[in-house]
Amino acid sequence: MKKEVDFKLHEHVEKLMRKHIEDIGDSRSLKLYDKIPKGKRLRAKLILKIAGETKKAVELASVVELIHTASLLHDDVIDKASTRRGILSINHAFGNMTAIMLGDILYSKGFVELTHLPCEVARNVANSVVKLSIGELLDVKLATAFNSSQDVYFDMIYKKTASLIEASACSAALLANKDSDKYALYGKNLGLAFQIIDDVLDVTNSSEILGKPSFSDFKEGKTTLPYLYMYEKLNKNDKKKLLSCFGKTLNIDESNWMHEKLKTTGAVTRSIEYAKKLGVDALNAIKDENLPELEKIITDMIIRDF
Ligand code: FPP
Ligand code: MG
């Protein structure tokens with residue numbers, strides 16, 4: 001029964017997102033929109049769990065997911081990604097210009113719809129999109145040279161990923177007259193943990209599971225947390241070897257070496273442990289709220305076996 005309710009809510013958001021694009025009145029935009037692979041809709045799920053089954057909550061969820069979808073269209077251009085969720089990315093199938101403009105249509109329409117929501121909610125979401133963009137800009141800069149600073153990495157993933165999740169949880173709480181600080185903290189920690197797990201899976205999963213080549217991040221110049229922890233533990237020669245692999249497609253020997261070092265330095269385990277600690281922090285932030293479904297999101301995605 002519960003599953004059925006979730007399914008219906010999810011459907012409402014999906015339908016409203018498509019309706020927003022349909023209402024623009026441009027059939028080509030709608031056709032392209034239908035080609036975008038659908039994601040987990042984590043942000044929508046959070047909003048509906050926190051704010052409840054209201055019309056405003058579904059509206060907020062549809063806006064946030066449109067903005068998030070737009071950001072991934074742009075991100076795939078920036079990362080030169082050829083796949084997204086196991087199928088051809090829009091940039092690969094239709095070209096960079098189409099992907100960028102489709103992203104612009106999605107996020108600007110999202111902002112139009114945002115004006116129908118309370119001012120405080122709109123400001124909160126809009127500010128997070130500024131952070132999101134600054135985070136991506138920082139990610140681009142960091143990819144130009146090997147970064148060994150953990151502080152810089154955490155600042156970047158907070159802005160690039162956690163800020164919109166934080167704003168989703170905070171805005172949903174504002175809509176429902178709940179303690180928005182608690183939910184913002186929950187969202188921030190969930191977002192950070194989520195990005196760290198995403199970064200871990202890039203070095204541990206096969207390309208079949210990921211739907212994109214493994215070690216994509218390092219190839220794209222992204223020194224994510226497992227590499228940062230690994231770098232800390234390597235001797236001088238191994239540090240040199242790691243730097244020589246930066247920004248390129250690894251051959252079999254390099255790929256085996258990388259797997260081995262990520263394991264023996266404890267870098268993967270330490271990254272997972274840190275993500276789990278953030279998961280616990282997220283749970284603590286909402287411990288008095290009695291929302292088992294929000295706790296389940298953390299246990300399903302973060303505090304689990306990897
Ligand atoms: C994915 O990172 C990217 C993001 C979470 C944010 C991207 C943000 C922008 C492009 C700026 C905002 C743009 C708009 C249109 C609002 P990733 O490359 O680490 O993850 P991936 O593995 O899913 O590609
Ligand atoms: Mg990317």
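Atoms within a ligand are numbered from 1 in the order they appear, just like the ligands themselves.
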Please go through V130's hydrophobic cluster and name the other residues, only I, L, V, M, F, W, Y counting, with side-chain heavy atoms under 4.5 Å joining them. I134
Could you identify which residues cluster with V77, counting Ile, Leu, Val, Met, Phe, Trp and Tyr as linked when any side-chain heavy atoms lie under 4.5 Å apart, either directly or through a chain of such contacts? I100, M101
[Y] ring center within less than 6.0 Å of [X] ring center:
X	Y	value
F215	H259	yes
Y227	F146	no
Y274	F154	yes

Should the pair K55-E59 be classified as a salt bridge under the 4.0 Å nitrogen-to-oxygen rule? yes
Should the pair D300-R304 be classified as a salt bridge under the 4.0 Å nitrogen-to-oxygen rule? no
With atoms numbered from 1 as shown, which atoms in ligand 1 lie under 4.0 angstrom from a non-hydrogen atom of [X]?
X	answer
V129	16 (C)
Y107	15 (C)
H74	10 (C), 15 (C)
Q195	19 (O)

Could you check which of L72, D198, D104 puts a non-hydrogen atom nearest to atom 20 (O) of ligand 1? D198
Shortest heavy-atom approach to atom 12 (C) of ligand 1 - which of S216, A143, S133: S133
Answer yes or no: does an N/O atom from [X] fall short of 3.5 Å to an N/O atom of ligand 1?
X	answer
R84	yes
K160	yes
D76	no
D139	no
D75	yes

H68 near ligand 1, heavy-atom distance under 4.0 Å?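 Not so, H68 does not reach ligand 1.
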What N/O/S atom of D75 gets nearest to the Mg ion (ligand 2)? OD2
Looking only at N, O or S atoms in D79, which is nearest to the Mg ion (ligand 2)? OD2
If you count the non-hydrogen atoms of other residues, nucleotides and ligands that lie under 6.0 Å from NZ in K296, is the total more than 12?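 Result for NZ/K296: open.
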Just checking N235: does its CG atom have more than 12 heavy atoms from other residues, nucleotides or ligands closer to it than 6.0 angstrom?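 Yes, enclosed.
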Can you tell me which portion of D199 lies within the under-4.0 Å heavy-atom range of ligand 1? Options are side chain, backbone, both, or neither. neither
With K222, the side chain to side chain donor-acceptor pair (under 3.5 Å) member among D79, D199, D202: D79
